[in-house]
Protein chains: 2
Amino acid sequence: MRDFTKKLRVLLIDDNANHLRGIKELISLETSYNVVGATRNANLGLGLIKKYHPDIVLMDINMPEKDGLQAIQAINKLGISTNILILSGYDDSDLIYRSMKLGARGYVLKTMASSKLIDAIETVADGKVYLPSVLTTRFFEYFQNAAKEESNAFVGENLLTTLTGRENEVLDLLTQGINYKSIAEKLIISETTVKTHVNNIFQKLQVNDRTNAVLYALTHGFKPSVTSQSVQAAA
Amino acid sequence: MRDFTKKLRVLLIDDNANHLRGIKELISLETSYNVVGATRNANLGLGLIKKYHPDIVLMDINMPEKDGLQAIQAINKLGISTNILILSGYDDSDLIYRSMKLGARGYVLKTMASSKLIDAIETVADGKVYLPSVLTTRFFEYFQNAAKEESNAFVGENLLTTLTGRENEVLDLLTQGINYKSIAEKLIISETTVKTHVNNIFQKLQVNDRTNAVLYALTHGFKPSVTSQSVQAAA
DNA sequence: AATTATCTAAATCTAAAGATTTAGAAATTT
DNA sequence: AAATTTCTAAATCTTTAGATTTAGATAATT
């Protein structure tokens, strides 16, 4: 959670000197903000971020070539908990999408009212995400599709529930592509016992070989019941 | 896209008679809306939806028991292009999450200003999604996690790119858990040829058996290059 | 024209996987 | 106490799977 007793430290990156000045003035009007730096160059910006660890980086995406997107990646690779808010002149849904995918936390159009910009800064500083509604829709629909696929994995009875604890352990190792011998070593039981378990698994999952057992497991939400895992770690 | 020459047909469902009346009046003030029905019962609402095919269903989620969530599912099962906007007294992030997962397109708190409600209706009617910022963040982060996992599948060189066309076809069938004999039949080549291909695949993917080949394929974004698929469909 | 990549195929072999039956020990449930 | 489930194990057998070598026919490239 954000500390409201301290001023928000903001860094500006915009290759257009006029914009840079304008935004700086606009933000300086807010008493709760502190502009720790302003630069026209993405690389210089990176250095300043390393130096000052700002809470928010306000960055223009329409900088020389595709520097903007690369800068987002570079900033996130620093491992600093800085939230990136993108400023853009264009309402390009695909550009926003890519920016967000690379790790930006908000997107504001330059044509928007300045109150919206403050709104966005507050939202992003608060750890939340600020997006145009078109993009909210896009991300949501991505989620909904994934949720649908996920639920498809659970239609009908899930045969995985019929497996015993030991069978789950064996299936876990099968899904890692391990052969009988190694499974026996890992579980410290004989190879014939493993075969017995595997055959029981096949019958329960109604398959005839390990490949289909693994495929069944992966498409039906198999999650190993992390039993003896810690013990095996040493092996 | 929405047809702006026609009035938006809105249906209301809220078990509280006072709320129902209030919302109805509020919406009736808007000249571009047309309330085609208002009911206090979710089941009755379902009937009205079937009858009138409204553009928007404004529904209270806090109805008797968990009827609200079930109603969302029921409405979507009708296969009618109705957009559901949820009204709720509680700012319960998890309830919103589940509502949206089940197919709602927007969520508005009853404590919000009426202008926000109109905003939400417009947004949802426009085919977009309307969400509180907390939820926007949640959905976005879901997306970002997925995107990260996806990109993890492509770190380093992807050995899948070294496969020839035929090898891709064979691998495709391997990932379906099919054995040598059936693969040979499907591709109308001899079993020994299939073995040759499979061995070449193993070497290229640096694995020793089909299970690991399949696992490699699945974790590295393998998408069969849909070549002779149509031909095999008959087999 | 020569080289290389790809697809095809056979033969041979070894190793691994899978099927099936039987059975004892321990833990759980009825 | 009796019955059932689970985990263990062996023996035996059949069937795939996988490794390796060799090689002819096209197709694509240089």
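Naming: A, B, ... by sequence-line order, numbering from 1 per chain.
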Quiz item: Rounded to whole angstroms, how far apart are CD1 on B/Ile183 and C1' on C/dT8?
Solution: 16 Å
Quiz prompt | Per A/Thr196 side chain, nearest of listed nucleotides D/dT8, C/dT6, D/dT16 | solution = D/dT8
Quiz item: Of all the nucleotides listed (D/dA17, C/dT8, D/dA9), which has the minimum atom distance to the side chain of B/Arg166?
Solution: C/dT8
Practice problem: Report the nucleotide, chosen from C/dG18, D/dA10, C/dC7, that has the shortest atom-to-atom distance to any side-chain atom of A/Phe202. | Solution: C/dG18
Quiz item: Is any side-chain nitrogen or oxygen of B/His197 closer than 4.0 Å to OP1 or OP2 of C/dC7?
Solution: no
Quiz item: Taking only N and O in the side chain of A/Tyr180, is any of them less than 4.0 Å away from OP1 or OP2 of C/dG18?
Solution: yes
Quiz item: Considering only side-chain heavy atoms of B/Arg210, which listed nucleotide, D/dA17, D/dA9, C/dT8, is closest?
Solution: D/dA17
Self-check item: Aromatic contact, B/Phe140 with A/Tyr130 (centres under 6.0 Å)
Solution: no
Self-check item: Any A/Ser190 side-chain nitrogen or oxygen under 4.0 Å from OP1 or OP2 of D/dA10
Solution: yes
Practice problem: Please list, chain by chain and in numerical order, all residues satisfying side chain to side chain contact (heavy atoms under 4.5 Å, CB included) with B/Thr164, sequence neighbours excluded. | Solution: B/Arg166, B/Glu167, B/Lys204
Practice problem: Figure out the CG/P separation between B/Asp209 and D/dT16, and round it to whole Å. | Solution: 18 Å
Exercise. Provide, to the nearest angstrom, the distance between the CG atom belonging to B/Leu187 and the P atom belonging to C/dT6.
Key: 17 Å
Quiz prompt | Spacing between A/Gln203 atom CD and D/dT6 atom P, to the nearest angstrom | solution = 14 Å
Exercise. Using a cut-off of strictly less than 4.0 Å, decide whether A/Asn179 has a side-chain nitrogen or oxygen near OP1 or OP2 of C/dA16.
Key: no
Practice problem: Give the rounded distance in Å between these two atoms: CD1 of B/Ile189 and P of D/dG24. | Solution: 20 Å
Quiz item: salt bridge (charged side-chain N to carboxylate O under 4.0 Å, His left out) between B/Asp60 and B/Lys110: does it pass, once the steps are laid out?
Solution: CA-CA 9 Å; B/Asp60 183 14; B/Lys110 287 184 177 173; 3.3 Å; yes
Self-check item: B/Ser88 side chain to B/Tyr107 side chain, donor-acceptor N/O pair below 3.5 angstrom
Solution: yes
Quiz prompt | Distance in angstrom units between A/Lys195 NZ and D/dT15 P, rounded | solution = 15 Å
Quiz item: Looking only at side chains, do A/Ser182 and A/Asn179 share a donor and an acceptor under 3.5 Å apart?
Solution: yes
Practice problem: By nearest nucleotide on DNA chain C, pick out whichever of B/Thr193 and A/Ile178 is the more 5' one. | Solution: B/Thr193
Exercise. Compare side-chain N and O positions of A/Thr164 against OP1 and OP2 of D/dT5 and report whether any pair is under 4.0 Å apart.
Key: no
Self-check item: Rounded interatomic separation in angstrom, taking CG from A/Asn212 and P from C/dA17
Solution: 15 Å
Quiz prompt | Distance in angstrom units between B/Lys204 NZ and C/dC7 C1', rounded | solution = 11 Å
Quiz item: Is any side-chain N or O of A/Thr192 closer than 4.0 Å to OP1 or OP2 of D/dA9?
Solution: no
